[in-house]
Amino acid sequence: MLEETGLRYEMAGVPFKPRAYERAAAAVRALPEPVCERYRREGQEALDALPGIGESIAQHIADICTRGTFPEFDELRKRFPVAVRELTALEGLGPKRLRLLYEAFGVKTLEDLRNVLEHKPHKLAGLPGWGEKTVAHLRESLALAQQTRGRLPLGFILPSAERILQTILAIRGVRRAAIAGSIRRRKETVGDIDILVATTDPERLAEAVVALPEVVHVHQKGSARTSVRLSLGLDMDVRAIEEERWGAALLYFTGSRAHNIHLRTYAESMGYKLNEYGLFQGKRCVAAETEEEIYAALHMPYIPPELREDAGEIEAALGGTLPTLVPYGALQGDCQVHSTWTDGTASIEAMARAAWESGLSYIAITDHTRALAMTGGLDERALDRQAEEIRRVNATLQKEGIAFRVLHGAEVNLLKDGSLDISREALAKLDCVGVGVHSHFSLPPEEQTKRLLHAIEHPLVDIIFHPTARLIGRRDPITFDVDAVFTACARTGTALDIDAFPDRMDASDTLIRQAVEKGVRLVVSTDAHAPSHLAYRELGIAQARRGWAPKESILNTLPVDAFLAHLKRNRSRRNAR
DNA sequence: GCCGTTTTCGGCCCGACTGTTTTCAGTCG
């Protein structure tokens with residue numbers, strides 16, 4: 001609603017308010033919980049305290065939470081009863097042109113626009129500032145919109161992006177190229193692919209990009225920027241720059257937008273000007289070649305891309321309190337791996353060998369348990385048989401001189417009332433017990449909280465797998481009292497999982513950050529159902545980094561013995577209570 | 001409407017591309 005208000009103020013030609021509402025909408029979106037929950041718990045002053053939200057908009061949000069709307073919203077909607085978000089989502093159609101469409105032809109919906117395009121194309125082309133090409137462009141945008149897939153999970157897009165990058169690196173004149181944008185920040189979903197290229201021949205680059213086999217439509221083509229639609233259903237922007245500007249351009253095109261604006265504003269306060277060509281003092285370029293030297297010139301340490309969301313990282317950098325993030329490659333084990341014993345596609349031994357070859361030194365086999373009937377979940381007797389199999393695999397590997405351990409775990413179902421579908425005696429035999437929510441996703445928050453707390457307090461539960469049970473684009477996260485749950489995790493030592501399977505990526509970055517602040521221990525797991533999935537662990541690390549997690553907070557960066565000792569210590573702690 | 005190492009008024013990121021214009025408006029990122 002805030003976003004729509006911004007768009008309608010823009011339609012009305014009101015200056016500055018559009019940006020203010022846009023910023024406020026971004027602030028609301030950045031919250032780790034629904035804004036109305038924060039309002040109900042902490043009141044309107046807590047909203048006013050958010051960056052970009054002042055007295056007026058805080059009041060609007062309060063109105064939305066209590067009445068479902070606010071006066072300005074109703075007035076603007078009456079003035080422009082138009083599906084603004086749907087329509088402005090079309091490439092090339094913004095609020096100003098939308099206003100013309102509405103006032104001249106009464107266009108309110110995509111369907112109205114389709115009709116006008118079909119029946120009155122010449123009248124459209126006669127609007128002030130419009131022409132034949134504007135109309136043709138709009139027609140193409142409408143067709144493209146039907147094939148747009150929205151934001152997709154990072155892990156599903158990254159391989160394609162990296163393949164395209166390799167092709168671009170081979171174009172003549174190209175000196176350097178890198179993926180920038182939200183992919184470089186390792187945001188959990190990707191809306192488009194940004195590629196930065198240092199080249200001596202920008203025209204050749206543009207020609208080569210539009211000729212890529214993946215390209216289905218060209219939005220624009222120029223010597224500095226070429227923008228295309230890919231067959232994946234996503235857009236790709238390729239920017240050409242001179243090699244001397246690499247750092248400034250990479251910084252600029254990595255974003256986020258909010259980070260850039262904050263950084264630029266800060267640079268200005270120091271008497272500099274910052275843009276994609278460099279950091280300038282008057283006409284003199286102070287820094288441009290590397291990101292490091294630009295941050296250094298602004299008296300800041302290097303801020304890793306994963307943190308660049310304007311979520312306090314610039315203040316932390318200036319104050320010297322930036323965390324030392326868990327490095328890539330730091331995981332020694334994978335805490336959640338499936339096999340053919342339930343819904344995996346490979347045997348325990350095959351998964352173990354694949355993990356060993358990929359550089360890990362242990363995995364926990366965590367097949368599903370009884371109540372998850374669709375996966376053929378294991379009962380106590382099957383778990384005993386599986387233990388035998390794991391002993392056999394460990395013995396085989398040891399005989400071959402492979403220093404690798406398969407741990408016996410399980411992904412135990414958390415039942416509606418918070419109890420587990422496997423007996424205590426059976427759980428006690430396992431090296432590593434994870435619990436997962438696979439049913440009753442929409443319980444009221446109080447009940448869901450109680451259910452999770454039950455599992456967290458259980459003496460034999462080591463890990464809460466994929467804590468919110470969301471599936472990106474398909475299922476919303478379950479709602480619970482985050483504060484209560486994390487407080488309990490910190491106290492009991494029960495670890496929180498970062499499930500790195502691309503459409504889970506659960507916990508989210510904002511939840512991880514809250515957990516880290518509370519002192520909750522984490523694990524990163526891949527939820528691998530096939531050997532190739534083991535590679536997702538670096539995306540899990542990326543997610544941990546986006547949650548400001550240091551290496552010490554992640555248990556499976558420990559060698560296997562220390563990892564097991566840690567779980568054991570926490571079990572006895574819970575038993576003592 | 002928001003905000004403050006240019007603070008409670010007076011600013012608000014800025015450059016590229018397109019299509020329409022003869023110098024710029026709209027859109028995008």
Side-chain angles (χ1 to χ4, degrees), chain A residues 2 5-7 9-27 47-61 70 72 87-101 124-138 140-141 180-182 191-196 202 206 218-228 235-241 245 248-249 251-278 280 298-299 310 314-315 318-319:
Chain A
L2 295 175
T5 305
L7 285 167
Y9 270 129
E10 186 110 45
M11 284 179 81
V14 174
F16 305 114
K17 287 193 189 188
R19 224 62 339 106
Y21 278 89
E22 194 181 294
R23 281 198 68 203
L47 303 180
D48 199 346
L50 294 171
I53 296 180
E55 208 180 325
S56 301
I57 294 186
Q59 178 63 55
H60 294 338
I61 295 173
F70 59 99
E72 284 82 350
L87 284 159
T88 56
L90 294 176
E91 159 83 28
L93 184 59
K96 298 287 166 64
R97 286 180 181 155
L98 183 53
R99 179 176 180 172
L100 285 176
L101 284 175
L124 267 183
L127 287 173
W130 291 49
E132 297 296 337
K133 287 196 171 180
T134 318
V135 177
H137 185 189
L138 209 49
E140 280 168 10
S141 294
S182 60
D192 64 0
I193 298 173
D194 288 294
I195 296 186
L196 180 68
V218 178
H219 297 303
Q220 48 178 228
K221 193 181 92 175
S223 60
R225 173 170 149 192
T226 296
S227 172
V228 296
D235 288 343
M236 175 170 76
D237 272 346
V238 179
R239 329 269 186 151
I241 51 128
R245 310 287 178 195
L251 181 62
Y252 188 85
F253 294 122
T254 296
S256 66
R257 216 166 96 128
H259 178 87
N260 284 351
I261 291 174
H262 193 157
L263 206 59
R264 185 187 301 242
T265 311
Y266 180 71
E268 263 167 35
S269 76
M270 289 179 71
Y272 293 119
K273 186 174 128 87
L274 178 64
N275 60 26
E276 59 265 55
Y277 300 110
F280 297 89
L298 296 172
H299 302 151
D310 194 22
I314 291 174
E315 292 85 347
L318 290 171

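Naming convention: chains lettered A, B, ... in sequence-line order (proteins, then strands); numbering from 1 in each chain. This is a predicted model, so every value here is computed, not measured.
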| request: Given side chain to side chain contact (heavy atoms under 4.5 Å, CB included), test A:Val238 with A:Val228 step by step and report yes or no. | output: CA-CA 8 Å; A:Val238 179; A:Val228 296; 6.0 Å; no

| task | Output all residues satisfying side chain to side chain contact (heavy atoms under 4.5 Å, CB included) with A:Ile261, sequence neighbours left out; order by chain, then residue number. | result | A:Thr265

Determine the interatomic distance between [atom1] on [N] and the same-named atom on [M]; round to the nearest Å.
N: B:dC14; M: B:dT21; atom1: C1'; answer: 22 Å
N: B:dG1; M: B:dT8; atom1: C1'; answer: 15 Å
N: B:dC2; M: B:dT6; atom1: P; answer: 23 Å
N: B:dT20; M: B:dC13; atom1: P; answer: 29 Å
N: B:dA16; M: B:dC3; atom1: P; answer: 30 Å

| request: Can you sort out the partners of A:His137 under ring pair (Phe, Tyr, Trp, His ring centres under 6.0 Å), two or more places apart, ordered by chain and number? | output: none

Rounded to the Å, how far apart are [X] [atom1] and [N] [atom2]?
X: A:Leu2; N: B:dC2; atom1: CG; atom2: C1'; value: 14 Å
X: A:Leu98; N: B:dC28; atom1: CG; atom2: P; value: 11 Å
X: A:Met11; N: B:dG26; atom1: CE; atom2: C1'; value: 14 Å
X: A:Tyr277; N: B:dG15; atom1: OH; atom2: P; value: 8 Å
X: A:Glu55; N: B:dC2; atom1: CD; atom2: P; value: 8 Å
X: A:Leu87; N: B:dC28; atom1: CG; atom2: P; value: 12 Å
X: A:Leu90; N: B:dC28; atom1: CG; atom2: P; value: 9 Å
X: A:Ile241; N: B:dA16; atom1: CD1; atom2: C1'; value: 15 Å

| Taking C-beta and beyond as the side chain, do A:Arg239 and A:Glu276 meet within less than 4.5 Å on heavy atoms? | no

| query | Would you say the side chain of A:Leu318 lies within less than 4.5 Å of the side chain of A:Tyr266, judging by non-hydrogen atoms? | reply | yes

| task | Taking all non-hydrogen atoms of both residues into account, name the closest pair between A:Ala180 and A:Thr254 and its distance. | result | CB-OG1, 3.9 Å

| said: Considering only residues two or more places apart or on different chains, which pairs with a residue in residues 14-25 of chain A satisfy salt bridge (charged side-chain N to carboxylate O under 4.0 Å, His left out)? | reply: A:Glu10-A:Arg19, A:Arg19-A:Glu22, A:Glu22-A:Arg257

Please list, pair by pair, any protein nitrogen or oxygen found under 3.5 Å from a nitrogen or oxygen in nucleotides 18-22 of chain B.
unit_1: B:dT18; atom_1: OP1; unit_2: A:Lys221; atom_2: N; d: 2.8
unit_1: B:dT18; atom_1: OP1; unit_2: A:Lys221; atom_2: O; d: 3.2
unit_1: B:dG19; atom_1: O3'; unit_2: A:Thr134; atom_2: OG1; d: 3.3
unit_1: B:dT20; atom_1: OP1; unit_2: A:Gly131; atom_2: N; d: 2.8
unit_1: B:dT20; atom_1: OP1; unit_2: A:Gly131; atom_2: O; d: 3.2
unit_1: B:dT20; atom_1: OP1; unit_2: A:Glu132; atom_2: N; d: 3.2
unit_1: B:dT20; atom_1: OP1; unit_2: A:Lys133; atom_2: N; d: 3.3
unit_1: B:dT20; atom_1: OP1; unit_2: A:Thr134; atom_2: N; d: 3.4
unit_1: B:dT20; atom_1: OP1; unit_2: A:Thr134; atom_2: OG1; d: 3.0

| Can you find a side chain N or O atom of A:Ser56 that sits less than 4.0 Å from OP1 or OP2 on B:dC2? | yes

| Does any nucleotide pair with B:dC9 by Watson-Crick or G-U wobble geometry, both distances under 3.5 Å, and what is it? | B:dG4

| message | Ring-plane angle category for A:Tyr21 and A:Tyr9, please: parallel below 30°, perpendicular beyond 60°, tilted otherwise. | response | tilted

| said: Using a 4.0 Å heavy-atom cut-off, does A:Asp192 contact any base of the nucleic acid, only the sugar-phosphate backbone, or nothing at all? | reply: nothing

| query | Which part of the nucleic acid, if any, lies within contact of A:Tyr21, taking any heavy atom under 4.0 Å across all strands shown: a base, the sugar-phosphate backbone alone, or nothing? | reply | sugar-phosphate

| field | Given DNA chain B, 5'-ward residue of the pair A:Pro95 and A:Ala58, judged by closest heavy atom | value | A:Ala58

Contact list (N/O, under 3.5 angstrom) for nucleotides 10-14 of chain B vs protein:
unit_1: B:dC13; atom_1: O2; unit_2: A:Arg264; atom_2: NH2; d: 3.4
unit_1: B:dC14; atom_1: OP1; unit_2: A:Glu268; atom_2: OE2; d: 3.2
unit_1: B:dC14; atom_1: O4'; unit_2: A:Arg264; atom_2: NH1; d: 3.2

| said: Given 3.5 Å as the limit, does a donor-acceptor pair link the side chain of A:Asn260 with the main chain of A:Tyr252, or not? | reply: yes

| task | Please collect all side-chain hydrogen bond (donor to acceptor under 3.5 Å, both in side chains) contacts where either partner lies in residues 87-101 of chain A, sequence neighbours excluded, each pair once. | result | A:Arg99-A:Glu103

| request: When you get a sec, tell me which of B:dC2, B:dA16, B:dG26 is the closest nucleotide to the side chain of A:Lys96? | output: B:dG26

